[in-house]
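Working notes, beginning with the structure itself.
In what follows, every chain begins at residue 1, and chains take the letters A, B, ... in the order their sequences are listed.
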Amino acid sequence: MNDRYIMIHYGELGTKGNNKKAFVAQLNKNIRHALKNFDVNVTYDHDHTFVDFSGEAEPIISRLKDVSGIQRISLVYKLPRDLEILKQKSLELIKEAEGKTFKVEAKRTDKTYPLSSPEIERAIASIILKNTSFKVDVHNPDIKVFVQMRNDASYVYLNTVSGAGGYPLGMNGKVLMLLSGGIDSPVASYLLLRRGIKIECLHFASPPYTSTAVIDKLEDIIGKLSYYQEDIKLHIVPFTKLQEEIYNHVDEPYCITIMRRMMVRIASIYAKKTNCLAIATGESVGQVASQTLNSIQVINSVTNFPILRPLCTLDKLDIIKISKQIGTYDISIRPHEDCCTIFAPKKPKTKPKEEECLYYEKRFDYETFVNECVENIETIQFKSGEKVE
Amino acid sequence: MIYFDNAATSKPYVEAVEAFVDVNKNNFGNPISNHGYGRKAERILEKSRESMLNLLSLSSSFNLLFTSGASESNNIAIKGIAKKYKNRGNKIISSIAEHSSVINTLEKLKEEGFEVIYLPINALGYVDPKDLEKAIDDKTILVSIMSSNNEIGSISPLDEYSKIIKKYPKCFFHSDITQSLGKIKMDYGCCDLLSFSSHKFGGVKGTGGLVFKKNISFEPIENGGEQEYGFRPGTVNVAGIKAMEVALKKSLSNLDDNLSKISKLNLLLRGFLENNPQFAVNSPLNSNPYIFSFSTLKKKASVVVEALSNKEIYVSSVSACNSKKEPFSYVVYALTNDKEISANTIRVSFSPESSEEEVNEFVNALKQIIVEVKDR
């Protein structure tokens, strides 16, 4: 018998009533996939998943922290139904933990056990109080010592690691993520993924104004994102002609606004085509001229398709912090021009007006170019970060 | 594909690759090992050294130190001499058009208290010997001026500099001959030290050399074993060195034929670009024909280079494109004093394998791209 398990506590799943079964099944599928490189046995019941493992617990826990739909992860010790052994193990665990106060919570699923739950709690609390400087705080303890007395054995664990939260990936449908290669869009992708929302990526390429090195960059970013979603599609829009047309027909201050409107048009058509339920962007309100509320409003008005903006209230420094944490920062800052930086107007409009946009858009037959863009999208399929030919 | 970026690196000769593989397969020993197999490797190494010195007609009074390439050679030569001979003086003379491995090494020495003079280049792209004559004095311990410039191909008159420097017996003369070796005719004996890389003349990457007069000593910049006269520690890359010897032999024996062929290609390209209002030619006449620099006058050079790249035609723009910091050629700026031209430089660099068809195809692609791409 292995005496250690990793116990996974489900998070917001608990609120999902009848759907819970499907959510739990999906989560466990995702957990098994995330742990495919570990020597583990995964089992689950109504409330918890148990990971039976050999070797170090830390790398497994660390991997599980990135699986959406997990509330907490605990390292659980399975012991004989002997109160003395339970007391000693509880003491040993709390001695290694950091904090000043504690509380013991016992649960007795085996009602035939001679001691009641409060009696078990008192017995364990007393050995801790005698042998450590921890004090009891039943309302807001730093450490909770959980003890369970079951028919087969007793269990003890401290609540340890927070999981990613959110819902199991794949339960919330998918969105079409506009991925530029900069710092923001990979972070937005990550926030969607850890909420349990699947992504497909759409990139606007304007060769030769943008370099093919940008595509290499995106491949590396997708490599990092594949940690959260195994299969990712990258759709590349050949944007050069349309972009040139915009710059031929639109006055400079409006170029970026019109360009973004075209991108949203293309993304809307393509999202429907790929069964994506929404578009997502890395926009953060006010960050640049095209991300002021005025701009967002005018850009958004070309579609009634939902546009998710996971970063909308985040500060640039917070975004950078997350991008460093998920490993995309160093990739994103590689110096290559993307379609937003080429021909960047000197004075872009921060408060564009929709009538003005419509006026400029009448100057050329953009629909033909938009359709041409959609028709010529090329897709690269990735599995575990590797291109699938 | 058309590969016109041979000044960055060249395709290794098949013979060089074969020599490299052969040594790795059959004589992988460490030349400082004290056994028969190590001594076999040592024999190969020393024969290559002797053979290369002979190929450069430098056998009697020069040593050849093997390095990882010209950047390392430049570091060893410049730092090693400056630190070893600082009691003789603290002045070093170089040019503003040197490779970054020279400039940045000198900048480091400047921080340490050395006086560094960067001489300007003239309209032909090299340091006027008169400027050197004016700048050099008894405090000068080192002059470092390259042979062929790596961006524009201008050739320095090393022999004229040498005559001036010889009047100052305490001063050494170093030259980075990376873009000249195996390409153009030159007198290797007029300098005290020469740096070069193998992969620019058909060898494999990771090997190079520093030729130096036997009476010169260096303060080693890296510490370790006693390899390479005690100036360059680390297990010696015998296979790479053997490949370098093979490549040098081949380059030098075909030098004249290759040179006349490449000169024709250079003139062909120059003819087209000089007559097109879209371009300005940067490379002065009579430069090293293997390197040809021009600028785009209306288009952004990095975009043109990317468009060529998408057609599998590979040439070089100044440096990696950076949306925040505009790329800028300080060499072309020194020559033209024009920021727009310096920021939109394209370098075409040939190898002996380059052909007239390739030049024509390149010219046609360029014509097409100029029509397609938006003005900057």
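The 12-atom threshold is not exceeded at NZ of B:Lys108, counting heavy atoms of other residues, nucleotides or ligands nearer than 6.0 Å. Within a 6.0 Å sphere centred on NZ of B:Lys339, other residues, nucleotides and ligands contribute 12 heavy atoms or fewer. Environment of NZ in A:Lys224: sparse, with no more than 12 heavy atoms of neighbouring residues, nucleotides or ligands closer than 6.0 Å. Residue A:Glu372 places its CD atom among more than 12 non-hydrogen atoms of other residues, nucleotides or ligands, all under 6.0 Å distant. Other residues, nucleotides and ligands contribute only 12 or fewer heavy atoms inside 6.0 Å of the CD atom of A:Glu386.
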Please list, one pair per line, the donor and acceptor atoms closer than 3.5 Å that link side chains of residues 261-270 of chain A to other protein atoms, with sequence neighbours excluded.
from: A:Arg261; atom 1: NE; to: A:Glu361; atom 2: OE2; distance (Å): 2.7
from: A:Arg261; atom 1: NH1; to: A:Val298; atom 2: O; distance (Å): 2.8
from: A:Arg261; atom 1: NH2; to: A:Glu361; atom 2: OE1; distance (Å): 3.0
from: A:Arg265; atom 1: NH1; to: A:Glu361; atom 2: OE2; distance (Å): 3.1
from: A:Arg265; atom 1: NH2; to: A:Glu361; atom 2: OE1; distance (Å): 2.8
from: A:Arg265; atom 1: NH2; to: A:Tyr366; atom 2: OH; distance (Å): 3.4
from: A:Ser268; atom 1: OG; to: A:Val264; atom 2: O; distance (Å): 2.8
from: A:Ser268; atom 1: OG; to: A:Thr303; atom 2: OG1; distance (Å): 2.9
from: A:Tyr270; atom 1: OH; to: A:His235; atom 2: ND1; distance (Å): 3.2

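Judged purely by atom type and a 3.5 angstrom limit, B:Glu306 has no side-chain atom pairing as donor or acceptor with the backbone of A:Tyr209.
Of residues 360-373 of chain B, those residues lying under 4.5 Å from chain A by any heavy-atom pair are B:Glu372, B:Val373.
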